[in-house]
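Read the structure below first, then the notes.
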Protein chains: 2
Amino acid sequence: MQNNNNPIQIEVPEVVVQRLPIYVRVLSQLLESNVEVISSHQLGELLQMTPAQIRKDLSYFGRFGKQGRGYNIQFLLDELRQILGIDRAWKACLVGLGRLGRAIINYPGFSPEGFEIVAAFDNDVSQYDSRLGTISVQAMEEIARTVKAKNISIGIVAVPSNQAQSVIDTLVENGITGILNYAPIAPFAPANVVMRNIDPVLSLQSMTFYMKENEEIN
Amino acid sequence: MQNNNNPIQIEVPEVVVQRLPIYVRVLSQLLESNVEVISSHQLGELLQMTPAQIRKDLSYFGRFGKQGRGYNIQFLLDELRQILGIDRAWKACLVGLGRLGRAIINYPGFSPEGFEIVAAFDNDVSQYDSRLGTISVQAMEEIARTVKAKNISIGIVAVPSNQAQSVIDTLVENGITGILNYAPIAPFAPANVVMRNIDPVLSLQSMTFYMKENEEIN
DNA sequence: ATTCTCTGTTAAATGTTTGTTAAATTGCCG
DNA sequence: CGGCAATTTAACAAACATTTAACAGAGAAT
């Protein structure tokens, strides 16, 4: 994925990076429940993982625990958030205001985590006001201008499959470096762009493989 | 994930299973474009994978290719669909008819792939008709009865986080063996239940790790 | 002080991907 | 029509990556 020619710093496996947000979430919940310290063993129980894996994962980034005691949750949380880069806000734009796009724009889970959708684009804008709450709604042609003007770094793609790749290309051309793609395609992007796909159908299709096996056993 | 004590059959890695639906999708597209045969090399190009990996993946399940020629797309597709268990229809129910739930129910991507939402449940059903198209809309209390009556095997969870685990428990109690969970939690389920989580925030949070690095380079 | 707990680290085990080679198939050329 | 070169899989082996286990040492508790 990313090249790291620095011989000092060890490359962190991508799987590990993908687990960090899960730690962040659980630790946040624990903190809300006024738990202050947790051991890798307890955390493993909670997340159904081995304590060894948790300790190994964290050790890629530093020494956050205290022997004989465990991890201070507040401290670990702060560190993890900084490591992930979620200790600050990120500006995103949404492309596509169909049913899916509108659900995304109304999804209340993004902004508490610092992901703010500041602009939305669609082919047919006539049906909308020029602002949806604090979000400006514009024609596709405005992507270039707005992304640069507002210094947006994340693009959320919710257009039909046949338009998705060209939308992605446009976003990338205009400096977007992270794309959350909801279109059911295998998208291309340059290596310096981080792509994440949300595709429930693929999830279901790999799910049935195991369900089928269950049925055969019964 | 699944126990397989059969000493003859080799355990297929889960990563491999998760790639199969991607193959299915690309192969379907190729078939629509009237391509009949494809080599692992060409497929690898298309999917940005090594040909070796594609061949290895497929070889877990059988010998589908012809040396000197490649894979017959129609044949491979039929085989893969059978392997994944997507050569037949699966009945699903949706729990939660908030904005997210309504977007899911209207998502046109499920039924062409054989996943049919046949029932939907919500705490407050008063706002809906008893049917939404062909889908029966019922109170949560009806989950048990309806899941059994309609022989539903997949549950799609789109309720608020604080209700998600108890909904999952209910679904599992009533014989659901596959759960597609949209709630941002780390859900528990017995080992014989297949769980897939759709969580855009986690995706974004692991994305920023790499975007942050990019910025530091610039 | 001594015992118990729990991390960070190293080593071993396990899992996954890639490279290589033999064998099968195709298409071409004489 | 037969042989030869080009292709491409399937299988095996090697390289690489990730997870788990084990343990020394630091800290806490008694």
Side-chain angles (χ1 to χ4, degrees), chain A residues 1-4 7-20 22-23 27 30 35-77 79-80 83 206 209, chain B residues 1-5 7-20 22-23 27 30 35-77 79-80 83 206:
Chain A
M1 182 118 280
Q2 88 280 38
N3 278 336
N4 189 339
I8 294 168
Q9 194 174 328
I10 334 113
E11 179 72 79
V12 180
E14 176 145 2
V15 263
V16 173
V17 174
Q18 287 177 353
R19 278 193 294 263
L20 297 187
I22 300 170
Y23 299 149
L27 292 170
L30 287 166
V35 186
E36 288 183 3
V37 175
I38 193 164
S39 69
S40 60
H41 184 81
Q42 294 170 300
L43 199 51
E45 191 101 325
L46 231 47
L47 288 170
Q48 305 287 290
M49 314 168 55
T50 64
Q53 180 165 63
I54 291 167
R55 290 202 301 274
K56 185 91 218 278
D57 282 358
L58 298 177
S59 76
Y60 279 106
F61 303 98
R63 308 172 54 141
F64 307 122
K66 274 223 168 67
Q67 279 134 324
R69 193 159 160 73
Y71 298 89
N72 177 291
I73 294 178
Q74 181 68 69
F75 173 71
L76 182 54
L77 254 179
E79 291 289 320
L80 287 178
I83 291 161
S206 68
F209 175 82
Chain B
M1 182 117 281
Q2 90 280 36
N3 278 334
N4 189 338
N5 299 327
I8 294 168
Q9 193 174 328
I10 333 111
E11 180 70 79
V12 180
E14 177 145 0
V15 262
V16 173
V17 175
Q18 287 178 355
R19 280 195 293 263
L20 297 187
I22 300 170
Y23 299 150
L27 292 170
L30 287 166
V35 186
E36 288 183 3
V37 175
I38 194 165
S39 69
S40 60
H41 184 82
Q42 294 170 299
L43 199 52
E45 191 100 327
L46 231 47
L47 288 170
Q48 306 286 289
M49 314 168 56
T50 63
Q53 180 165 63
I54 292 167
R55 291 202 300 274
K56 183 89 217 273
D57 282 358
L58 298 177
S59 75
Y60 278 105
F61 303 98
R63 310 173 52 145
F64 306 124
K66 274 224 166 65
Q67 279 132 326
R69 191 161 161 72
Y71 297 89
N72 178 292
I73 294 178
Q74 180 69 69
F75 175 71
L76 181 55
L77 255 180
E79 293 289 321
L80 287 178
I83 290 162
S206 68

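The chains referred to below are lettered A, B, ... by the order of the sequence lines, with proteins before strands, and numbering in each begins at 1. Keep in mind the model is a prediction, meaning the values are calculated, not measured. Only this structure's heavy atoms are used, side chains among them; waters, hydrogens and symmetry mates stay out.
Phosphate contact (OP1/OP2 of D:dA11, side-chain N/O of B:Arg63, threshold under 4.0 Å): present. For A:Gln53, a side-chain nitrogen or oxygen approaches OP1 or OP2 of D:dT19 to under 4.0 Å. Put simply, A:Tyr71 has no side-chain N or O that comes within less than 4.0 Å of OP1 or OP2 on C:dT5. Residue B:Thr50 has a polar side-chain atom (N or O) positioned under 4.0 Å from OP1 or OP2 of C:dT18. For B:Arg19, a side-chain nitrogen or oxygen approaches OP1 or OP2 of C:dT17 to under 4.0 Å. Close to C:dT7, at under 4.0 Å from its OP1 or OP2, lies a side-chain N or O of A:Ser40.
Between A:Glu45 atom CD and C:dC6 atom P the separation is 13 Å, expressed in whole Å. Counting to the nearest Å, the C1' atom of C:dT17 and the CG atom of B:Leu47 are 16 Å from each other. Atom CG in B:Asn72 sits roughly 17 Å away from atom C1' in D:dT7 (whole-Å rounding). Atom-to-atom, CG of B:Leu58 to C1' of C:dT17 comes out at 15 Å; the value is rounded to the nearest Å. Atom pair B:Arg55:CZ and C:dA22:P shows a separation of 15 Å (rounding to whole Å applied). Regarding B:Gln18, its CD atom lies at a distance of 15 Å from the C1' atom of C:dG15, rounded to whole Å. One atom, CD of A:Gln67, and another, C1' of C:dT7, lie 4 Å apart when rounded to the nearest Å. A:Ile54 has its CD1 atom 14 Å from the C1' atom of C:dG8, to the nearest Å.
Once rounded to the nearest 0.5 Å, the distance linking CG of B:Leu43 with CG of B:Leu58 reads 8.0 Å. Going from atom CG of A:Leu77 over to atom CZ of A:Phe64 covers 11.5 Å, rounded to the nearest 0.5 Å. Going from atom CG of B:Leu76 over to atom CD1 of B:Ile38 covers 9.5 Å, rounded to the nearest 0.5 Å.
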Can you list the steps and then say if A:Gln42 with A:Ser39 is a side chain to side chain donor-acceptor pair (under 3.5 Å)? CA-CA 5 Å; A:Gln42 294 170 300; A:Ser39 69; 3.3 Å; yes
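Comparing C:dT16, C:dT7, C:dT17 by their closest approach to the side chain of A:Ser39 singles out C:dT7. With C:dT18, D:dT20, C:dT17 as the candidates, the nucleotide lying closest to the side chain of B:Tyr60 is C:dT17. Nearest nucleotide to the A:Arg69 side chain, out of C:dG19, D:dA11, D:dA28: D:dA28. Distance from the side chain of A:Lys66 is smallest to D:dG27 among C:dT25, D:dT19, D:dG27. In the set C:dT7, C:dT18, D:dT20, the nucleotide with an atom closest to the side chain of A:Lys56 is D:dT20.
Around CD of B:Glu45, the count of heavy atoms belonging to other residues, nucleotides or ligands within 6.0 Å does not exceed 12.
In terms of position on DNA chain D, the residue among A:Val16 and B:His41 whose nearest nucleotide sits closer to the 5' end is B:His41. Nearer the 5' end of DNA chain D, as judged by each residue's closest nucleotide, is the contact made by B:Gly68, out of B:Gly68 and A:Met49.
With A:Tyr71 as the partner, the side-chain contact (heavy atoms from CB on, under 4.5 Å) test is satisfied by one option alone out of A:Glu79, A:Lys66, A:Arg55: A:Arg55.
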